[in-house]
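Take a look at the structure set out below.
We count residues from 1, following the sequence as given. In each ligand, atom 1 is the first atom listed, and ligand 1 is the first ligand listed.
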Amino acid sequence: MSNTNIRIAVQKSGRLSDDSLKLFKECGIKFESGGSKLRSISSNFPIEFLFLRDDDIPGYVEDGVADLGVIGLNVLEENRKDVEIVKELGFSKCRLSLAIPRNEVYTDLSYFEGKNIATSYPNLTNTFLTSQGVTAHTHEISGSVEIAPSIGLAEGICDIVSTGGTLLSNGLKEVAEVFKSQAVLISNKSLTAEKRSILDKLTFRIDSVQRGQNAKYVVLNAEEKNLDKIMALLPGMKSPSRVPLAEKGWYSLHSVISENDFWEIIESLREAGAQGILVLPIEKMIL
Ligand SMILES: Nc1ncnc2c1ncn2[C@@H]1O[C@H](COP(=O)(O)OP(=O)(O)OP(=O)(O)O)[C@@H](O)[C@H]1O
Ligand SMILES: O=P(O)(O)OC[C@H]1O[C@H](OP(=O)(O)OP(=O)(O)O)[C@H](O)[C@@H]1O
Ligand SMILES: [Mg+2]
């Protein structure tokens, strides 16, 4: 058997790291993490983890120092590295937004014409403003961007927003969204055939975990006279399973419902006469 490992760079500590580690663990990959260890080889999957600052990850993947990486789309697009985006990972969702002091009157993007904007994302900010016909001056700073207007460094900022709590506590208001982001899995563009086949195995596992996260397993009881109506509401992976109960004229139905449609379907099921509805999480879903 070959002893080739695929090498993946993940953030050592920060907003991406916990969910990245959780995802690979849910994929059944065993490895050590935490503490001062910056490299770790899995004991049951051909993968080596490198724990790095997130800013360095796209460059390492472009150069082939790492084969794969987990990175925020915002950092990837800001740095414009030549790598392949393998898939969206659905965590670390946030947006890059323009914000100004709360008591300023904002009309539209022309507000920023000729103004100074503090940001860690000058490329994304300038590309957006230019596309909107606005010319502003970006002032690049590497962190604590929200402080800039109150210390006279800039009139506005362009920074990451999630709940909006940081803007609020620094007397700012969000006025325009520049870029939507989430964590993505990236890959070097010239993987060997052997590494590509390891990547295929990895994405197969990630897909199964993600499908499970986006679905619920539903079990319910239905009287025979309501069966057709209820079964029409249940999609299932092929079609719902139907098992007769000990009580004559009653059935147990088993099915899988997408997280997005969940509440709407549950309400319709109750209206159609479904009883004893159980909803269970799905760990993995393999098609
Ligand atoms: N508040 C947030 N909510 C959700 N996702 C976020 C949030 N803040 C940042 N992110 C996402 O997580 C990524 C990493 O954010 P983090 O704040 O950990 O970066 P950092 O301080 O530059 O880390 P490092 O020390 O590795 O350089 C961001 O590029 C963004 O994609
Ligand atoms: O809208 P909110 O939910 O308040 O999140 C936004 C904040 O989160 C990030 O900083 P983080 O807390 O990761 O600290 P950092 O300065 O170390 O990046 C980002 O830079 C914002 O400051
Ligand atoms: Mg960083």
Side-chain angles (χ1 to χ4, degrees), residues 7-24 33-40 49-63 65-66 68-81 83 85-102 117-128 138-151 153-187 206 210 213:
R7 208 181 236 188
I8 186 164
V10 295
Q11 189 188 29
K12 180 173 162 14
S13 91
R15 295 275 191 167
L16 293 160
S17 41
D18 287 353
D19 284 335
S20 305
L21 299 186
K22 185 164 152 264
L23 174 66
F24 295 115
S33 60
S36 52
K37 205 167 157 61
L38 299 180
R39 289 174 74 172
S40 174
F49 290 84
L50 306 182
F51 301 107
L52 307 172
R53 288 285 304 273
D54 71 340
D55 314 68
D56 297 331
I57 292 175
Y60 279 15
V61 173
E62 182 183 48
D63 298 345
V65 173
L68 307 175
V70 174
I71 188 69
L73 196 54
N74 52 318
V75 171
L76 185 65
E77 294 299 315
E78 176 66 23
N79 293 318
R80 296 172 182 165
K81 297 293 183 192
V83 299
I85 297 178
V86 180
K87 68 194 314 335
E88 293 179 339
L89 297 175
F91 57 81
S92 300
K93 287 190 172 169
C94 57
R95 54 198 185 273
L96 183 67
S97 286
L98 287 156
I100 60 171
R102 202 181 308 148
I117 303 173
T119 184
S120 308
Y121 300 91
N123 290 330
L124 287 174
T125 307
N126 283 321
T127 304
F128 172 76
T138 47
H139 186 100
E140 186 171 354
I141 52 178
S142 58
S144 301
V145 176
E146 292 89 349
I147 203 176
S150 68
I151 56 171
L153 193 67
E155 286 121 326
I157 66 159
C158 190
D159 197 25
I160 297 295
V161 182
S162 171
T163 61
T166 310
L167 291 182
L168 192 68
S169 50
N170 286 285
L172 300 172
K173 63 178 174 190
E174 185 177 1
V175 293
E177 182 179 295
V178 169
F179 189 80
K180 255 194 190 1
S181 183
Q182 64 173 290
V184 289
L185 177 66
I186 56 171
S187 135
I206 295 175
Q210 285 183 335
Q213 283 166 347

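Of all the heavy atoms of L167, none lies under 4.0 Å from any atom of ligand 2, so neither backbone nor side chain is involved.
Of the protein's heavy atoms, at least one falls inside 4.0 Å of atom 3 (O) of ligand 2. Proximity of atom 14 (O) of ligand 2 to the protein is not indicated, since no non-hydrogen protein atom lies closer than 4.0 angstrom. Within a 4.0 Å radius of atom 23 (O) of ligand 1, the protein contributes one or more non-hydrogen atoms.
When the heavy-atom distances from atom 21 (C) of ligand 2 to R95, E174, R15, E146 are ranked, the shortest goes to E146.
Around CD of E88, the count of heavy atoms belonging to other residues, nucleotides or ligands within 6.0 Å does not exceed 12. Residue L153 places its CG atom among more than 12 non-hydrogen atoms of other residues, nucleotides or ligands, all under 6.0 Å distant.
Less than 4.0 angstrom separates some heavy atom of G165 from each of these atoms of ligand 2: 1 (O), 4 (O). Close approach of ligand 1 to V75 (heavy-atom distance below 4.0 Å) involves ligand atoms 29 (O).
Remark: distances from the non-hydrogen atoms of K93 to ligand 1 include one below 4.0 Å.
For D55, the N, O or S atom closest to the Mg ion (ligand 3) goes by the atom name OD1. The atom of D54 that is an N, O or S and sits closest to the Mg ion (ligand 3) is OD1.
Distance from atom 29 (O) of ligand 1 to its nearest protein heavy atom, with residue and atom name: N74 ND2, 3.0 Å.
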